[in-house]
Amino acid sequence: MLKLNDINAFYGDLQALWGVSMEIKDGEMVALVGPNGAGKTTTLKVITGLLPFTSGSIEFNGNDLRRVPAHKIVEFGISQVPEGGRVFAGMTVFENLELGSFPSEARKVKDESMKWVFEIFPRLEERKKQQAGTLSGGERQMLAIGRALMSKPKLLMLDEPSFGLAPILVQQMFVMIEKINKLGVTVLLVEQNVRAALELAQRAYVIENGRIIGEGKGDSLLSFESIRAAYLG
Amino acid sequence: MIEAITQNLVIGIMLGALYGLAAVGIAMVFGVTKFLNVAHGELLMFGGYSTFWLFKLLNIDPFLSLPLTILFLLVIGLVLYKLLFVRMVKMTEEQKIKNTMLVGFGLTLILQNIALNLWTANDRGVTTSYATESLMLLGIRFPYVRVAGLVISLVCLFALQQFLRKTYIGKAIRATTEDWEAASLVGIDVQKVYMLAFLIGTALAGVAGALVLVSYSVSPSIGLHWTLKSLIVMVLGGVGNFMGTFVGGILLGATESATAFFISGNYREVVGLIFFLLILIFKPQGLFGAKER
């Protein structure tokens, strides 16, 4: 489905990604884990076109994503939940969701998508008239995911969905993500919470200093000695 | 005495509505794009001259020619955006503010000189058949043209609010104002939104200019005055809340008039600046400003 091939990317003069290659297959849940500043968010930015890459290629369902502007990416079926939720705080829950189906194709089936999102997150339906800024942290994260689902994506990319949530909410959030994956949405999960991500995902990539340093089945990486030492303690 | 005070207040509010309208334009551009267009007052001046020419040369009523003036300003806005401002959309917020100010100051000089050449340094106004007529209500005089100015300002504000609240494009503008990256992730073409916001701001400057022409007069040097008023009002009302900005304009207009009445006309300009400082010190998000996230 998604294939990153030997990607190099820079922030100004600073190289942020060094030959990153990854592959995500249809229906999978793949985790991208690594410490802060390793290049996880940068990898997502490269995929969504927010950061141009200097060499390598990105392919999504046979389409070359090079030079596709950021706002067009979602039309290909890739949707991202940005770090920290980043909902539109001054707008209502309903309006946030509406904006999730901004591309014209998605807009045509907006009502249907909204029904679907409300089935997954009934809480959002209860809160639909509320300003997004007044939601709790967990609800905001739900809204951010719901908004991303409004475009009926084939691939959902989540940037640190557990960020800033209480442990009990983190657990619920991961259950939700698993449920969404089971509904047929391919998931790329970027997480600092390495143990939880590795337990949840079928496969995982480990990134450090802008390089992919490990790849494997989620639970096999859990027993990977260097990873245990570095992230699990 | 009461009548004189009320009369004064009424005139102040009507002037304030024009401050409000001009400020909503500059706030629209700043809120969405973070461009601080200090040539906003010059765009307003061009709106005035456009109306003046349409009246003088083609004999079109200044209110009926509003759509043409808006069109004229949209063209100017588009040219300026494509020629100058589009180069700054990718900069950081701080760079944008600095660079657009520099470009804006350059533009003020160019636009002023164009105006000087085309329309001379004289004050220009229009004299319609109804220019001096007023509605008398409870002993208070409501000059028709100024009432119309107030009404048109309110209509513009209301239309803008509805546009931002009800339409998909309007919501995209609000989303971009809040978080351009998140907006771009849901598929909003942020660059298009920037241009649209800039054009809306320019069009509003045009309408305000036409209204300034019919209620007062225009000359090539009025730009800075209106830019300053707009900036004061924008800070007063707070960015991101156009109703607040507009009310801020009316407050400033009313306060200026009251100052001129009770203290002295010499101090009316000072009051605005004192207001500006007080707000910056005690309520930097503006009187009605949205709280920071």
Side-chain angles (χ1 to χ4, degrees), chain A residues 12 41 44-45 47-52 68-92 94-107 110 131-135 140 143-144 146-153 156-159, chain B residues 27-28 30-34 86 89-95 160-197 237-245 285-286 288-293:
Chain A
T41 301
L44 293 186
K45 277 194 171 176
I47 298 171
T48 54
L50 284 174
L51 181 72
V68 176
H71 67 273
K72 291 274 180 203
I73 290 289
V74 65
E75 290 174 25
F76 284 86
I78 302 178
S79 202
Q80 190 196 326
V81 181
E83 187 175 355
R86 283 169 69 174
V87 294
F88 303 121
M91 306 175 80
T92 64
F94 188 83
E95 285 174 323
N96 268 275
L97 291 176
E98 258 187 324
L99 282 169
S101 53
F102 190 79
S104 52
E105 284 302 309
R107 214 179 294 182
K110 185 184 77 183
Q131 293 266 103
T134 64
L135 298 178
R140 273 186 198 217
L143 178 56
R147 185 179 67 189
L149 289 176
M150 284 296 291
S151 61
K152 288 272 170 127
L156 180 70
M157 306 198 295
L158 298 127
D159 195 358
Chain B
M28 174 86 205
F30 183 70
V32 179
T33 64
K34 303 293 178 287
V86 75
V89 292
K90 290 250 164 97
M91 293 178 177
T92 62
E93 186 170 329
E94 198 191 333
Q95 277 180 321
L160 183 65
Q161 295 263 24
Q162 290 303 307
F163 169 70
L164 291 174
R165 269 194 208 138
K166 300 273 156 61
T167 66
Y168 244 107
I169 305 291
K171 287 172 192 169
I173 292 179
R174 283 160 63 206
T176 307
T177 312
E178 283 201 33
D179 187 336
W180 72 267
E181 261 186 358
S184 129
L185 286 176
V186 297
I188 294 168
D189 186 346
V190 172
Q191 310 239 11
K192 251 192 210 153
V193 168
Y194 284 174
M195 189 174 84
L196 187 64
V239 184
N241 174 354
F242 294 128
M243 192 48 111
T245 308
Q285 75 272 33
F288 318 98
K291 279 178 221 92
E292 282 294 313
R293 271 165 292 158

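If you're wondering where the values come from, they're calculated on a predicted model, not measured in any experiment. Numbers restart at 1 for each chain; the letters A, B, ... are given by sequence-line order, proteins then strands.
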A:L156 and A:L149: CA distance, side-chain angles, deciding distance, side chain to side chain contact (heavy atoms under 4.5 Å, CB included) verdict: CA-CA 8 Å; A:L156 180 70; A:L149 289 176; 4.1 Å; yes
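If you measure heavy-atom distances from A:L50 to chain B, the contacts under 4.5 Å come from the side chain alone. Within the 4.5 angstrom heavy-atom criterion, no atom of A:S151 approaches chain B. Contacts between B:Q191 and chain A at a heavy-atom distance below 4.5 Å are absent for every atom of the residue. For chain B, the nearby part of A:E95 is the side chain; its heavy atoms alone come within less than 4.5 Å.
Contact between A:F88 and B:D179 at its shortest, heavy atoms only, is CE2-O, 3.8 Å. Nearest heavy atoms, B:R165 versus B:K171: O-CE, 3.0 Å.
Looking at A:E105 and A:K152, no side-chain N of the basic residue comes within less than 4.0 Å of a carboxylate O on the acidic one, giving no salt bridge.
Ranked by non-hydrogen atom pairs under 4.5 Å with chain A, the options B:A172, B:S184, B:A175, B:A182 are led by B:A175. Among A:E75, A:Q80, A:M91, the residue with the largest count of heavy-atom pairs under 4.5 Å with chain B is A:M91.
A heavy-atom distance below 4.5 Å is found between the side chains of B:M28 and B:F242.
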